[in-house]
Amino acid sequence: MIKFPKNFLWGAATSSYQVEGNNKNADWWQWEKRTGKIQSGNACRHYELYEEDFDIARNLSHNAHRISIEWSRIEPKEGKFSHKELQHYLDVILALRRRNLEPVVTLHHFTNPAWFSKKGGWANLRSTKYFLRYSEFIVKALSKHVHYWITINEPTIYISHAYIFGVWPPQEKSLIKAAQVEENLAFAHAQAYRLIHKIYKKFKLLAPAVSIAQNVMAFVPFANSPKNRVAAYLRDKAYNLGFIERVMHHNILRRKPLDFIGINYYSRQMVSVKDFGIGSMAMDVCYDKHHRVAKNSLGWDIYPQGLLDILLELKTYDLPVMITENGICTANDNQRWKYIYDHLKYIHCAMEEGVVVIGYLYWSLLDNFEWDKGFKPRFGLVDINYKTYKRRVRTSAKKFAKVCKTGILAR
Ligand code: FCB
């Protein structure tokens, strides 16, 4: 029998911009208006409907829920903080608590206030200062009700999409800026880590648990050739662990600036490179069709066993791990349940091998605005009708609910 520990956190994740709607002061919003390609509009109207959504989560036996705070609501103009929006998030967190849903709160999930981006965003040397001022405002107000904090969501994805591939705002393609942004984000995390702990100490609260949410991916060498193996190894070290390592360098008095490791896992990359050149080593991907695996509706390979390898690798950090995101977009809800089942099975294997996993948050509770891909990908445990905003609980959600309720994984 596959049984998870009693105090395991079970739930789902969302992010403010993807579900709330009308985040008009965010850089993403302005980018959408400027480029005219996609519009997040009302998203899921979660800003108004959060109580209804949390009722669904509670009825699905979740005991935890990950949200993010929208910085651009809290600080719509530089230095002007909105107490009304702060109250909103306090209400949101209390609504979670009332339903016995442990909040996991993210401070930065891809979007920035438009004013911050105008000043150069995360490439600006003062970015950390701005982020800390916002973090202090939030953490002081919410600390009494929150134990788990994620400072920054998927720094590696943010850097690559916004500063290397140029597909997200500010659409830069500059390795120099990307390096600067990486350093600023790592520093911002380390400083925020310290700040959050300081606030809890000052308020005489139980020490919080603070981390990042690191996107990890399985890099699988195609045909096991030496050059593919070297490339897969290097990508794993750089992409999966690079930011964690960088953050670790900001330790003080040998104290790690992470209390646990939050990871987001979705897929694998099959690695097949032309040669040992830097370009090939870093970028070549295998589009060979020999190794067929199931895919999600965005074409990402589904590879649950990769999560086991990564969890085992994370053992070196000697920290608990929380799965802060794992999920599938698909029109086939049976495939969604299989995806959840298979990943949970491998998580359990890792736990039997001594990895301390403290929770699993499915991405996402709701279908939502999937960034540059718009509303098409359906990741939700709950289907959203974007005309009526009606919520419909999927069968996979009900199957997952049984696991959440009993801690037992059964088909
Ligand atoms: C992750 C993001 C999340 C969502 C999922 C599908 O990279 O953190 O916002 O877009 O992918």
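Remember, it's 1-based here, ligands and their atoms both numbered in the order they're listed. Note: hydrogens, waters and symmetry copies are ignored here, and every other heavy atom, side chains too, is used.
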Of the protein's non-hydrogen atoms, which lies at the shortest distance from [atom], and what is that distance?
atom                    : value
atom 2 (C) of ligand 1  : Glu325 OE1, 3.4 Å
atom 10 (O) of ligand 1 : Glu370 OE1, 2.7 Å
atom 7 (O) of ligand 1  : Glu154 OE1, 2.5 Å

Distance under 4.0 Å to a non-hydrogen atom of [X]: what atoms of ligand 1 satisfy this?
X      : result
Gln18  : 3 (C), 4 (C), 9 (O), 10 (O)
His109 : 2 (C), 3 (C), 8 (O), 9 (O)
Trp363 : 3 (C), 4 (C), 5 (C), 6 (C), 9 (O)
Asn153 : 8 (O)

Check for me whether [X] meets the cation-pi criterion with [Y], that is, NZ or CZ under 6.0 Å from the six-membered ring centre and within 45 degrees of the ring axis.
X      : Y      : answer
Arg45  : Tyr389 : yes
Arg336 : Tyr362 : no
Lys33  : Trp29  : yes

I'd like to know whether the aromatic ring centres of His343 and Tyr266 sit less than 6.0 Å apart in this structure.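 Ring-ring flag for His343/Tyr266: false, centres at least 6.0 Å apart.
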
Before we go on, tell me: are the rings of Tyr239 and Phe219 under 6.0 Å apart, centre to centre?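 So the answer is yes for these two rings.
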
Heavy-atom closest pair, residues Arg66 and Leu361: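 In terms of heavy atoms, the two residues are closest at CB-CD1, 3.7 Å.
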
Tell me which one of Trp300, Tyr266, Phe379, Tyr158 gets a heavy atom nearest to atom 5 (C) of ligand 1.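 Selected option, by shortest heavy-atom distance: Tyr266.
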
Glu313 bridged to Lys237 by N-O distance under 4.0 Å: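 Yes.
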
With a heavy-atom distance limit of 4.0 Å, tell me whether Ile157 approaches ligand 1 through its side chain, its backbone, both, or neither.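 Answer for Ile157: neither.
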
